[in-house]
Amino acid sequence: MREKKNGLNNRPIGIFDSGIGGLTVLKEIRRMLPNEDLIYFGDTARVPYGTKSPLAVKKFASEISVWFKSLNVKAIVVACNTVSAIALKEVEKFSKVPVIGVIKPGAIESAGAAVSGNISVIGTTAMVNSKAYEKELKRINPSFKVFQKACPLFVPLVEEGWSDKKIADEIIYEYLFELKEKKRGVLILGCTHYPMLKKKISSFLSGYKIIDSAESVAKFLKEDLYAKGILSRKKKGKEIFVVSDAPDKFKYLARKLLGLNIKSVRLKRF
Ligand code: DGL
């Protein structure tokens with residue numbers, strides 16, 4: 001059994017996203033690591049990230065990392081594909097703690113499931129432009145055929161709480177119709193907001209194996225903390241939720257879309 005290392009064990013893990021999307025990752029982390037203290041930050045004042053320039057996303061990620069550092073986190077999970085694709089280095093540089101992004105675990109899981117070699121990736125415009133999944137997948141197997149499609153309206157749709165409305169079907173049709181024509185294979189939900197549209201996407205694109213990286217990210221994190229000897233020794237972990245704007249809306253959406261009953265949400269402005 002590994003022993004205590006510099007008293008890091010019981011420090012919290014920082015998790016962040018532009019909004020509520022990263023809660024899909026937090027849920028898996030909580031399931032797999034019930035003893036850890038978690039601090040979740042949703043940058044609701046600046047959501048969406050995926051339509052912004054890489055420079056802007058890097059600035060947001062740096063600010064959040066410096067703040068997490070001041071909270072003494074022992075690790076950071078970047079529960080946002082856009083930041084993971086564009087600004088992982090900034091997070092590492094400014095936080096100086098282990099950083100887990102969502103792209104690598106998602107790519108590894110998808111590569112394992114891609115029997116036919118056909119992999120489609122949907123995500124924000126910034127994430128798709130970065131080609132982060134394509135690069136990661138081709139590193140694993142250069143013969144993979146990767147198709148990417150940006151779906152910029154999906155994030156505002158989810159943040160508006162409209163993922164179950166009829167308009168969601170129309171937007172899904174517009175973006176994903178061409179995928180119906182393609183050879184079926186794996187479809188990566190390359191944005192942490194998209195699992196909230198998963199039911200509708202999978203019924204529209206039946207025949208695809210749909211992957212979101214939340215579970216593999218949680219597994220990656222657990223293995224990393226174990227390897228570093230810094231798993232928590234607490235009996236039960238706590239959660240703190242912080243947003244940069246509209247805490248009541250965040251609380252409402254977390255309950256409506258993810259069934260999370262969050263008691264209080266704090267405010268942090270940058
Ligand atoms: N959940 C973020 C992601 O995974 C959403 C990005 C956005 O805010 O546009 O990319």
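We count ligands from 1, going down the list as the structure has it; atoms in each ligand are counted the same way.
- When all heavy atoms of Ser84 and Gly101 are compared, the pair lying nearest together is OG-CA, 3.6 Å.
- The closest protein non-hydrogen atom to atom 9 (O) of ligand 1 is Gly50 N, 2.7 Å.
- Among all protein heavy atoms, the one lying closest to atom 5 (C) of ligand 1 is His193 ND1, 3.4 Å.
- Nearest protein heavy-atom neighbour of atom 2 (C) of ligand 1: Asp17 OD1, 3.2 Å.
- Checking Asn118 against Arg184 by side-chain atom types alone, no donor-acceptor pair falls below 3.5 Å.
- Under 4.0 Å from ligand 1, heavy atoms of Pro48 appear from its side chain as well as its backbone.
- Of all atoms in ligand 1, numbered sequentially from 1 with element shown, those under 4.0 Å from a heavy atom of Cys191 are 1 (N), 2 (C), 3 (C), 4 (O), 5 (C), 10 (O).
- Heavy atoms of Thr124 found under 4.0 angstrom from ligand 1 belong exclusively to the side chain.
- Annotation: Phe270, atom CZ; neighbour count of heavy atoms from other residues, nucleotides and ligands within 6.0 Å is above 12.
- Looking at Tyr49 next to ligand 1, an N or O pair under 3.5 Å apart turns up.
- Here's the thing with Val47: none of its N/O atoms is less than 3.5 angstrom from an N/O atom of ligand 1.
- For the pair Lys182 and Phe147, the cation-pi test (distance below 6.0 Å, angle within 45°) is passed.
- Residue-to-ligand polar distances place Asn81 within reach of ligand 1: an N/O pair is separated by less than 3.5 Å.
- Between the side chain of Ser213 and the backbone N or O of Ser216 there is no donor-acceptor pair closer than 3.5 Å.
- Aromatic pair Phe68/Phe41: ring centres not closer than 6.0 Å.
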